[in-house]
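In what follows, every chain begins at residue 1, and chains take the letters A, B, ... in the order their sequences are listed.
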There are 2 protein chains.
Amino acid sequence: MSDGLQPQMGQSLLFLTDEQLRKGIEAMFFAYRGFTADPDRILADKSYGRAHHRAIHFIHRSPGTTVNNLLSILGVTKQSLNRVLRTLIEDGLVASTVGQRDKRERHLHLTPAGAVLERELSDAQRDRMRAAYRAAGPAAVAGFRQVLEAMMDEETRHHYEAMKDRPE
Amino acid sequence: MSDGLQPQMGQSLLFLTDEQLRKGIEAMFFAYRGFTADPDRILADKSYGRAHHRAIHFIHRSPGTTVNNLLSILGVTKQSLNRVLRTLIEDGLVASTVGQRDKRERHLHLTPAGAVLERELSDAQRDRMRAAYRAAGPAAVAGFRQVLEAMMDEETRHHYEAMKDRPE
DNA sequence: CTTGGAATGTCAACAAAGCTGACGTATTGT
DNA sequence: ACAATACGTCAGCTTTGTTGACATTCCAAG
């Protein structure tokens with residue numbers, strides 16, 4: 001079952017041993033904690049959570065997006081998203097406007113106050129990412145992105161690539 | 001505030017633009033979903049959750065570990081871990097034995113049944129990781145690990161490195 | 001034109017898993 | 001003897017996911 005180190009294995013395949021894979025799994029787990037730590041700290045003071053951060057991020061990213069679209073990007077149920085969205089709208093961070101063409105849809109935008117919080121959160125997250133990128137160097141960063149992209153579900157990767165090259 | 005593309009910037013720093021960092025952030029978010037998707041599916045049928053998976057993983061990894069040690073690796077409170085651990089012990093997947101040297105400690109091991117579930121979960125997770133590694137290639141994998149390690153908190157990295165080179 | 005079904009979004013109730021705080025018990029070490 | 005440590009537990013709260021029921025809006029078939 002376990003690969004172990006098979007002497008006859010080509011050098012080029014050593015990175016696929018169970019041990020290497022396990023290290024990658026643990027690296028992913030521990031790194032994700034760091035990845036969310038800084039925004040989480042900021043949000044804790046404001047009675048918001050990670051779900052609010054995600055909503056704010058993708059609304060900023062795709063202004064005017066509908067609830068349904070946001071739903072499929074975030075991969076949660078609409079009831080779960082709705083709770084988060086409701087508090088953000090009540091608190092004046094997100095604006096929801098009825099669709100022109102289709103009045104069933106709601107188009108979502110960040111208000112100026114919402115944009116301020118988005119900035120604060122993404123600055124914090126980017127700072128850590130920038131430090132990691134700088135420490136690892138451009139070649140490592142390219143590999144990092146390649147592996148992450150290969151790790152996504154098919155459908156998820158479509159979402160990722162759809163917003164890949166939009167201008168900021 | 002925003003880096004934009006500064007014409008005078010050396011080519012070597014282009015990977016540090018806000019846009020590159022944002023892509024990395026989104027890649028991390030989407031990939032983590034894929035990373036947990038397969039074990040989550042298996043666990044859903046068994047009325048266990050991701051928290052149970054994490055406990056099982058690290059008990060397998062460090063057989064005989066104490067509750068306190070597991071606590072600091074997982075970064076949760078003892079009440080939270082205890083809830084998970086209690087169900088695993090009741091269900092006969094984890095064994096808790098009083099310490100020889102220090103009788104206050106409990107040493108945790110997987111039972112044969114626990115080892116079976118661990119295998120099932122880690123096989124599923126490794127399969128995806130292996131596919132991603134294979135698609136990206138050894139150089140990319142090295143970069144992937146470098147960036148992840150640089151992204152961890154100091155204390156977390158110590159945990160990660162402490163169990164880095166243990167034999168399986 | 002009407003009407004029935006599909007799509008969009010909201011409300012209610014519940015579950016998983018995190019948290020704080022307080023407390024009890026056994027054991028260790030000063 | 002006594003303080004500190006390791007563990008377990010009770011109670012109660014929060015965030016964030018779930019399902020089920022329901023209102024509104026749109027569209028297309030009759």
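When the nearest nucleotides of DNA chain D are assigned to Leu85(B) and Val84(A) by heavy-atom distance, the more 5′-ward of the two goes with Leu85(B).
Taking Arg41(A) as the reference, Asp38(A) meet the salt bridge (charged side-chain N to carboxylate O under 4.0 Å, His left out) condition, with sequence neighbours excluded. Scanning for salt bridge (charged side-chain N to carboxylate O under 4.0 Å, His left out) contacts around Asp91(B) gives an empty result, with sequence neighbours left out. Residues that satisfy the side-chain hydrogen bond (donor to acceptor under 3.5 Å, both in side chains) test with Asp40(A), not counting sequence neighbours, are Arg50(A). Residues satisfying the side-chain hydrogen bond (donor to acceptor under 3.5 Å, both in side chains) criterion with Asn68(A), sequence neighbours excluded, are absent altogether. Residues that satisfy the salt bridge (charged side-chain N to carboxylate O under 4.0 Å, His left out) test with Glu154(B), not counting sequence neighbours, are Arg157(B). Scored by the side chain to side chain contact (heavy atoms under 4.5 Å, CB included) test, Ala27(B) finds Arg145(A), Leu148(A), Met152(A), Tyr160(A) as partners (sequence neighbours excluded).
Here dT8(C) presents its P atom at 14 Å from CG of Leu108(A), a figure rounded to the nearest Å. Spacing between atom CG of Leu71(B) and atom C1' of dG18(C) amounts to 13 Å, rounded to whole angstrom units. Taking atom CZ on Arg54(B) and atom C1' on dA16(C), their separation rounds to 11 Å, with Å as the unit. Nucleotide dT27(C) holds its C1' atom 14 Å from the CG atom of Asn68(B), rounded to whole Å. For the pair His52(B) NE2 and dG18(C) C1', the computed distance is 13 Å after rounding to whole Å.
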Subject >> side-chain hydrogen bond (donor to acceptor under 3.5 Å, both in side chains) assessment of His57(B) paired with Gln125(B) >> reply: CA-CA 11 Å; His57(B) 175 97; Gln125(B) 195 159 43; 5.4 Å; no
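Residue pairs meeting the side chain to side chain donor-acceptor pair (under 3.5 Å) criterion with at least one member in residues 92-103 of chain A, sequence neighbours excluded: Asp102(A)-Arg104(A). Legend: side chain to side chain donor-acceptor pair (under 3.5 Å) pairs involving residues 70-84 of chain A, not counting sequence neighbours: none detected.
Looking at residues 43-51 of chain A, you'll see that no heavy atom sits under 4.0 Å from any atom of DNA chain C. Shown for residues 93-104 of chain B: residues whose heavy atoms fall under 4.0 angstrom of DNA chain D, namely Arg104(B). Within residues 74-83 of chain B, the residues having any heavy atom closer than 4.0 Å to DNA chain C are, in order of number, Gly75(B), Val76(B), Thr77(B), Gln79(B), Ser80(B), Arg83(B).
Of all nucleotides in DNA chain D, those with any atom nearer than 4.0 Å to a heavy atom of chain B start and finish, going 5' to 3', at dA4(D) to dC10(D).
Relative ring orientation between Tyr133(B) and Phe144(B) is described as perpendicular, the plane-to-plane angle rising above 60° on a 0-90° scale split at 30° and 60°.
Residue contacts for His107(B): at a heavy-atom cut-off of 4.0 Å it reaches no nucleic acid atom on any strand shown.
Within a 6.0 Å sphere centred on CD of Glu90(B), other residues, nucleotides and ligands contribute more than 12 heavy atoms.
Using a 4.5 Å heavy-atom cutoff, the side chains of Val98(B) and Arg106(B) are in contact.
By the 4.0 Å N-to-carboxylate-O rule, Glu118(A) lies too far from Arg61(A) to be salt-bridged with it.
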